[in-house]
> 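One structure is given below, represented as structure tokens, and several questions about it will come after.
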Amino acid sequence: MDTPLSTIAVVGLGTMGTGIAEVLALAGREVIGIDISEAAALGAVASFEASTARAVGRGRITEEQRAAALARFRTADTLQAAADAELVIEVVPESYEIKQQVFRELDAVVPPTTILATGTNALSVTRLAAESQRPERVLGLHFFNPAPAMKLVEVVSSVLTAPPAVEAVTALARELGKEPVAVGDRPGFVADGLLFGYLNQAAAMYEANYASREDIDAAMKLGCGLPMGPLALLDLIGIDTARTVLEAMYAESHDRLHAPAPILGQLSSAGLTGRKAGRGFYTYDAPGGQDVVPDALTPAAGAEAGAGRAVASVGVAGSGTMASGIAEVFAKAGYGVVLAARTQEKADLAKGRIAKSLERSVSRGRLSAEARDETLARITAAGSLDAFAEVDLAVEAVAEDLEIKQQLFAALDKVCRPGAVLATTTSSLPVVAIARATARPEDVIGMHFFNPAPAMKLVEVVRTVLTADEVHATVRVVCAKIRKHPVDCGDRAGFIVNALLFPYLNNAIKMVEQHYASLDDIDAAMKLGGGYPMGPFELLDVVGLDVSLAIEKVLHKEFRDPGLAPAPLLEHLVAAGCLGRKTGRGFREYARR
């Protein structure tokens with residue numbers, strides 16, 4: 001396509017439109033910013049001037065480049081100003097009526113060769129194109145906020161879009177330093193299609209009083225490495241905007257996971273739409289502010305420091321990676337640790353694994369040789385649970401099998417002294433069913449560590465309806481002493497992290513099944529558009545497809561939601577023995593070591 005796209009109009013000068021205009025002008029395009037509001041236009045110019053001044057101050061551009069970019073940006077209050085544009089990008093409010101009116105007026109203004117792009121992330125590009133006199137020139141160009149910083153751009157084609165138009169805007173996106181991902185026309189596209197389902201479930205989890213807003217957000221940040229928790233992100237996006245996107249998604253999918261959680265409607269109706277209103281799930285210092293301020297729901301300082309039992313010694317049952325990692329964590333924190341396995345040989349091998357881990361820390365300068373020796377000296381390897389007779393806290397990290405764990409807890413019940421706290425590290429099994437294998441279910445609690453335990457800061461503290469308050473308080477205090485962040489949750493499948501993470505992963509698999517997008521495009525979209533440290537398919541292959549399938553089945557069985565049924569493609573890969581990195585093949589193939 002010969003269209004150079006050197007003159008571009010941006011219709012709508014809110015935060016997104018201003019950001020897009022800035023990116024285009026800095027990349028050498030002549031940019032016409034159009035908004036019916038004089039205040040919006042003045043605000044866009046002021047924002048552009050301020051952001052480019054900061055860029056000069058940080059050495060990212062020169063003063064000459066700043067002056068040239070500012071000279072390439074002008075504003076207008078009528079669509080007539082777009083008459084000479086080769087590309088028009090609209091980012092007006094998410095309303096069919098408003099966007100269709102813009103396209104109808106543009107049809108009468110711009111030449112037939114001009115490409116018309118919608119910045120929608122919730123509405124049908126096809127429906128918008130059908131209202132235009134030149135539907136083959138209409139497509140979606142979905143930038144992410146803040147546009148100057150975010151690398152992802154979703155290029156959305158409808159069945160009516162001409163390939164040359166797609167090629168032209170894709171080339172433009174690359175010239176802007178962005179990563180274009182080609183997607184089809186469905187609400188949410190790739191990134192928001194996966195992201196908003198996850199955000200919706202987090203809102204529903206909070207609404208059900210399953211966990212506090214602080215614990216939900218901390219769990220997803222610390223357990224998944226996300227830059228923001230889901231409720232804080234909803235406040236940033238705008239709760240009303242999120243509800244609009246979800247309504248559009250549900251209208252097409254009829255998937256209950258996309259049906260907006262009632263709390264989103266309640267907050268929107270009350271005007272509590274997030275940061276822009278000064279209050280949403282959290283309360284902020286001012287409308288448009290970023291700083292969270294305490295409110296009636298903010299936990300009191302030191303609230304977790306309740307009375308608990310004294311813990312000086314810890315027993316860890318198991319010989320795998322998780323067991324040795326947990327033993328290392330407790331020993332580093334100064335606890336005497338008994339590491340028990342089924343045989344003395346297995347216990348010695350597990351302690352040897354800890355020794356190698358500590359040695360790596362010494363070689364990287366994270367631990368002194370003296371601290372290494374002291375930590376290792378605190379660990380006693382044992383070939384029998386009898387060594388747990390005097391421990392104050394017993395933590396099991398054996399196979400994720402209910403019968404095996406129940407047998408182990410029945411044994412712990414006989415061996416451990418009265419008053420000892422018994423903890424399971426299960427990630428998917430009912431803690432109460434494990435507790436009932438003992439004669440003291442009030443002493444049993446869940447402590448779900450994340451792998452690798454020495455590095456991951458999160459522990460999900462899972463209390464059952466039978467867990468004593470004193471036991472819960474004890475574990476909270478212990479978490480603080482081992483420098484882990486505890487989050488409280490009830491005894492239901494998936495707890496916080498897995499209950500929110502695995503439906504998102506399952507929906508990514510369904511996108512591939514439906515030939516909507518490729519593995520690479522989906523992974524790129526979530527890393528670049530959502531700030532995820534790994535794409536969903538990278539993560540699935542690391543976790544293990546068999547482990548992922550087992551968790552999906554547990555979630556589906558517990559919540560009985562059809563949308564949680566494991567994707568058939570996941571089941572087929574597991575049946576074929578393609579389990580991810582550990583077998584050399586999962587969603588991708590890996591070099592065998």
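Heads up: numbering here begins at 1 and tracks the sequence. A quick note: this is a predicted structure, and the numbers were derived from the prediction, not measured.
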> Restricting to non-hydrogen atoms, name the atom on K481 and the atom on A333 that form the minimum distance, rounded to 0.1 Å.
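The answer is O-CB, 3.6 Å.
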> Regarding R279 and D295, does a basic nitrogen lie under 4.0 Å from an acidic carboxylate oxygen?
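A salt bridge is absent here (no side-chain N lies under 4.0 Å from a carboxylate O).
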> Using a 6.0 Å cut-off, check whether atom CZ of R585 has over 12 heavy atoms from anything other than its own residue.
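Result for CZ/R585: open.
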> Is it true that atom CZ of R436 has more than 12 heavy atoms of other residues, nucleotides or ligands lying nearer than 6.0 Å?
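No, the 6.0 Å shell around CZ holds no more than 12 heavy atoms from other groups.
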> Output, in order, the C-alpha distance, side-chain angles, deciding distance and verdict of side chain to side chain donor-acceptor pair (under 3.5 Å) for T126 and R186.
CA-CA 9 Å; T126 306; R186 70 188 230 180; over 6 Å; no
> So does K582 have more than 12 non-hydrogen atoms from other groups sitting under 6.0 Å from NZ?
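Buried by this count: over 12 neighbours within 6.0 Å.
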> Ion pair present between R476 and D488, side-chain N to carboxylate O less than 4.0 angstrom?
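Answer for the salt bridge query: yes.
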> Can you pull out every ring pair (Phe, Tyr, Trp, His ring centres under 6.0 Å) where at least one residue sits in residues 217-275? Sequence neighbours excluded, please.
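Matches after skipping sequence neighbours: Y250-H254.
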> Does the side chain of L500 reach to within under 4.5 Å of the side chain of I216, using non-hydrogen atoms?
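A side-chain contact under 4.5 Å exists here.
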> So, for S124 and Y96, which heavy atoms are closest and what is the spacing to 0.1 Å?
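For S124 versus Y96, the nearest heavy atoms are N-OH, 2.8 Å.
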> I want to check something: taking the side chain as every heavy atom from C-beta on, are V444 and T438 in contact at a cut-off of under 4.5 Å?
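V444 reaches T438 side chain to side chain.
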> Run the salt-bridge test on E396 and K405 with the 4.0 Å N-O cut-off and return the result as yes or no.
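Salt bridge flag = yes for K405 with E396.
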> If you apply the rule side-chain contact (heavy atoms from CB on, under 4.5 Å), what do you find for V156 with V183, and how did you get there?
CA-CA 5 Å; V156 189; V183 296; 3.7 Å; yes
> Hey, are E94 and T244 close enough side-chain-wise for a donor-acceptor pair under 3.5 Å?
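No, no side-chain donor-acceptor pair sits under 3.5 Å.
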> Any non-hydrogen side-chain atom of Y198 less than 4.5 Å from a side-chain atom of N507?
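No, too far: nothing below the 4.5 Å cut-off.
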